[in-house]
Number of protein chains: 2
Amino acid sequence: MAKNIKKRSDDYAQWYLDVIKAAKLADHSPVRGCMVIRPEGFAIWEAIQRDLDRRFKATGHVNAYFPLLIPQSFLTKEAQHVEGFALECAVVTHSKLEKDGEGKLRPASPIEEPLIIRPTSETIIGHMYSEWVQSYRDLPLLINQWCNVMRWEMRTRLFLRTSEFLWQEGHTAHETEAEAQEETLKMLDVYADFAENVLAVPVVRGAKTDSEKFPGAVTTYCIEGLMQDGKALQMGTSHNLGQNFSKAFEIKFLGRTQQQEFAWTTSWGVSTRLIGAVIMAHSDDEGLVLPPRVAPDVVAIVPIFKTPEDEAKVRGFVDKLVAALTGDASAAKTAHHGLERYVYNTANEQRILADFRDARPGDKQYHWEQRGVPFRIEVGPRDVDGGAFVLKSRIGGTKEIIKLEDLQPGWLKARLDAAHDALFQKAVAYREANTRDAATYDELKEIIKGQGGFVRCFFKPDRAAEAKIKEQTKATVRCIPFAQPGTSGKCIYSGEETTTQVLFAQAY
Amino acid sequence: MAKNIKKRSDDYAQWYLDVIKAAKLADHSPVRGCMVIRPEGFAIWEAIQRDLDRRFKATGHVNAYFPLLIPQSFLTKEAQHVEGFALECAVVTHSKLEKDGEGKLRPASPIEEPLIIRPTSETIIGHMYSEWVQSYRDLPLLINQWCNVMRWEMRTRLFLRTSEFLWQEGHTAHETEAEAQEETLKMLDVYADFAENVLAVPVVRGAKTDSEKFPGAVTTYCIEGLMQDGKALQMGTSHNLGQNFSKAFEIKFLGRTQQQEFAWTTSWGVSTRLIGAVIMAHSDDEGLVLPPRVAPDVVAIVPIFKTPEDEAKVRGFVDKLVAALTGDASAAKTAHHGLERYVYNTANEQRILADFRDARPGDKQYHWEQRGVPFRIEVGPRDVDGGAFVLKSRIGGTKEIIKLEDLQPGWLKARLDAAHDALFQKAVAYREANTRDAATYDELKEIIKGQGGFVRCFFKPDRAAEAKIKEQTKATVRCIPFAQPGTSGKCIYSGEETTTQVLFAQAY
Ligand SMILES: [Zn+2]
Ligand SMILES: [Zn+2]
């Protein structure tokens, strides 16, 4: 039992913070609501970025960069958009600081029109697209941006909800409504595939109800994951914006029939919140558990020795072990205070580490366990004699003795793939065990109050009903899943017959 | 002669803007002084990031992310720093917008302590380091951040000087002064090597004079390039910050002798300004010329045909050509409106393109010439008959006929390497021809007024003298080069004997 980490069952919120602290993933900053993403946490974000960026480019998208600051008047051009974002934005009003006579500084040089730090970039990108698009030949425009955004949050939680966060926002413009819809769903699929096959978090794909959709969207689609405390987490959204923004920003083009037409636009995004999802979906009372495909260190080798002779013996074995695991006798190495890292997968920047620091083997084991490294290896003099090592799996918690001679090429990859699958299956099983059907509103209330998780039920989406249910249960419609039963039933709230089944849950 | 691009000799400033516009690298934004980096320009930044990031990691650095907003009080903690940055910063004073009754918005909810958008992050990072560093075992801290920063600029120029720009800032903390100095120079070398071996821009390494150094630094080192109009461009800086910031932010540690000591820190950065350097150093009156190692597209193949039969014939040849150039008969391909792109170098995201769009071959040639693609290839039916193609070099302007059968593996790489070398040598020759010696202040004034370029002379750095020279000539000391003559001479300004030789130039 980790002393520096609360048990999930005792205090889930504190457990989450403890896991982050123990693994040094992030820190609170002196600016309220803003976080510092520490190197250990940022490496996970880099892995996420690298993989998603490849997927975006493979589907024809290119990256670009748009300004951080947006004229406040831009916000007002789309009626729903302003309602959604004006209430929580950082406003820049001055362009310098001056001394106030007491050695302190005060804002000076007020600027003409206040600027806001982008909460999202539909407006500024809409403006630019209106200049770039003239003819249907200029379409589709398929652009993505990796950047920081800001939404002033009162109650923040590292990674899950912070005033500033990092994300990517895709913004596309199309000639037809059908193409925009196809793009919207395609990118949702990219997200879902990434969540499941890279982060090992199973997700439900579906549509948001009107009351939960993006301010300015025609339809918002999302992927929803279930965390270990039974709360849902929205892990990515993809919006079909129809012609709302193209009309607000005049993204017009000369169509094939020589008519001026408004473009059809989409936007889609995922953020550093995904790191929170990874932590909450997989970690345990011992600390972080990282899905193998985004773990910066995939194996931590802990050598055990007391005498210099034993050290030499173990060192020789570790060198062979590293060569066998990386498949490269001269894998690039960096060393820092006795901590050696060897390149395992160049494209994904994944490494194997050997911990020769001056510390107790038990402490090192514990150290790498809390940091979620998928596999730890122990090698002592007796193991060397037997030509073997001890393999500990972070995910299964198992301990095996493996012969060095059994490490065929691809052995580690196969182990990591199996660990990924096991992690994913465990999360699927948890979600299935925590998805319950409700036939009545009372049942829904009981489940939410009792076990939590997803509640599946027939429901006719309705703003007033959803507001009331949220007030009474803190649960919201997470989505209208694409997978519908094809039958009908009574809406749990209105009692009317409906074919629409939804998932309710409390959410982050 | 390109009609949409001014000649350099007629109007250099307009030429620069025209080149950017023709290649679609960037655009002005509706926010004064902020630019939009378009996909074609951003791909160059991605190439720069990818290469530098590898170099930073190979030298033991890791990435992290610190908040965009900095409490204004942080600025005042280092005396020189506040003088350097308070005058040109974006100040956030409110946390929401509200309707003003006339349908417009106005800032509301004033925040307690105004926040500034980071102009650079020494202060906030210093604060965090003070929390992370306790013992000499925690050192060195070697962290880099890729991010956006903001300095309110009155006179802006795309890429070279914009209010918001993208950059990386390395921030390191060390146990000893010697280690900090070693780091400072090491990173300057990384920059210089990158500038010359990737961007093909020769640079002078040296130290800044006191009046030109970073506000808060003990010493600032820089790399300086020379642009085609004879103006210098600072392309990267590396600062030895001594204990200035560690004292201001209390970055203290328990040393090896059980004493509390202040850490020694450094910082170093390059920015999207490097894209401006690439454009200004290499491009010509026909448009952009890209150094081969950051060119997203390395070859543009333009097929020539009139009949469907000829198209089929040319298409068959192009397929073989692509396979020979990429060394991969099934290179990953994307296609978009007849524009086909094939992966040439996966790690660097470089591609070979075949332009099968519905347009005239001459227009296509012109199109890719203006975009700076290192090699263009023309293939018509007669070329196919001869088993050959026409190769046009963007850099040399040469035209050769090459037999397809002569394309051995590595042929394209060798060509690109040779093109890189030629581009670099051309820039070296230009710089050498435009570096002149001055023995007196009058000579300096004449050269600056006449030919421009670097003026090399003996000079005793002195704030007052430098201010006066700047006022009279608009030239500044670009650096005190590491390469010193080892002799002494008379200071061109004071007449005193000195061993210090400097480079003066007007600069961007
Ligand atoms: Zn703090
Ligand atoms: Zn505009």
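Numbers restart at 1 for each chain; the letters A, B, ... are given by sequence-line order, proteins then strands. From a predicted model like this one, the values you see are computed outputs, not experimental measurements. Atoms considered below: every heavy atom in the structure, side chains included; atoms not considered: hydrogens, waters and symmetry mates.
- The list of salt bridge (charged side-chain N to carboxylate O under 4.0 Å, His left out) pairs with a residue in residues 52-71 of chain A, not counting sequence neighbours, reads A/Asp51-A/Arg55, A/Asp53-A/Lys57, A/Arg55-A/Asp193, A/Lys57-B/Glu46, A/Lys57-B/Glu349.
- With a 4.5 Å cut-off on non-hydrogen atoms, B/Gln72 touches chain A through its backbone and its side chain both.
- When the candidates B/Ile111, B/Val31, B/Ile70 are compared by the number of heavy-atom contacts under 4.5 Å with chain A, B/Val31 comes out ahead.
- In this structure, chain A has heavy atoms under 4.5 Å from both the backbone and the side chain of B/Pro39.
- Heavy atoms closer than 4.5 Å to chain B are found in the backbone of A/Met35, but not in its side chain.
- The nearest pair of heavy atoms linking A/Ala64 to B/Ile37 is CB-O, 3.3 Å.
- Looking only at side-chain heavy atoms (C-beta outward), B/Trp132 and A/Lys24 stay at 4.5 Å or farther from each other.
- Highest contact tally toward chain A, considering only B/Leu68, B/Thr76, B/Val62, B/Asp27, is held by B/Leu68 [criterion: heavy-atom pairs under 4.5 Å].
- In A/Arg32, the CZ atom is not crowded: 12 or fewer heavy atoms of neighbouring residues, nucleotides or ligands sit closer than 6.0 Å.
- Scored by the ring-ring contact (aromatic ring centres under 6.0 Å, His included) test, B/Phe85 finds B/His81, B/Phe214 as partners (sequence neighbours excluded).
- Listed in order of number, the residues of residues 137-145 of chain B that approach chain A to under 4.5 Å between heavy atoms are B/Arg137, B/Leu139, B/Pro140, B/Ile143.
- Taking 4.5 Å as the limit, every side-chain heavy atom of A/His127 sits out of range of all side-chain heavy atoms of B/Ser29.
- The line from CH2 of A/Trp146 to CH2 of B/Trp146 is 15.5 Å long, rounded to the nearest 0.5 Å.
- Both the backbone and the side chain of A/Pro67 come within less than 4.5 Å of a heavy atom of chain B.
- Heavy atoms closer than 4.5 Å to chain A are found nowhere in B/Ile125, neither backbone nor side chain.
- Options A/Glu113, A/Glu88, A/Arg38 differ in how many heavy-atom pairs under 4.5 Å they form with chain B, and the most are formed by A/Arg38.
- Side-chain contact of B/Trp45 with A/Asn63: a donor-acceptor pair under 3.5 Å is absent, judged by distance alone.
- Contact of B/Leu69 with chain A is made through backbone and side chain together, with heavy-atom distances under 4.5 Å.
- Evaluated for a side-chain contact (heavy atoms from CB on, under 4.5 Å) with B/Val92, the options A/Leu115, A/Ile117, A/Ile116 yield exactly one hit, A/Ile117.
- In terms of the side chain to side chain donor-acceptor pair (under 3.5 Å) criterion, residue partners of B/Glu83 (sequence neighbours excluded) are, by chain and number, A/Lys99.
- Using a 4.5 Å heavy-atom threshold, the side chains of B/Cys147 and A/Asn148 count as separate.
- Chosen from B/Thr162, B/Leu87, B/Thr334, the residue pairing most often with chain A at heavy-atom distances under 4.5 Å is B/Leu87.
- Looking at B/Arg106, the atoms closer than 4.5 Å to chain A (heavy atoms on both sides) all sit in the backbone: N, CA, C or O.
- Atom CD in B/Glu153 sits 11.5 Å away from atom OG in A/Ser95 (nearest 0.5 Å).
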- Query: Can A/Leu105 and B/Ser73 be said to form a side chain to side chain contact (heavy atoms under 4.5 Å, CB included), step by step?
  - Reply: CA-CA 7 Å; A/Leu105 295 172; B/Ser73 61; over 6 Å; no
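- Pairing each heavy atom of B/Lys96 with each of A/Val91, the nearest pair is O-CG2, 3.6 Å.
- Proximity to chain B (any heavy atom under 4.5 Å) is shown, for A/His94, by both the backbone and the side chain.
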- Message: Before you tell me yes or no, could you show the steps for B/Tyr65 and A/Leu166 under side chain to side chain contact (heavy atoms under 4.5 Å, CB included), namely the whole-Å CA-CA distance, both residues' side-chain angles and the distance that decides it to 0.1 Å?
- Response: CA-CA 9 Å; B/Tyr65 188 76; A/Leu166 303 182; 3.6 Å; yes
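- Looking at A/Ala90, the atoms closer than 4.5 Å to chain B (heavy atoms on both sides) sit in the backbone and in the side chain alike.
- The closest side-chain heavy-atom distance from A/Phe66 to B/Cys34 is not below 4.5 Å.
- Residues A/Trp152 and B/Ser109 have side chains not in contact (no heavy-atom distance under 4.5 Å, counting atoms from C-beta outward).
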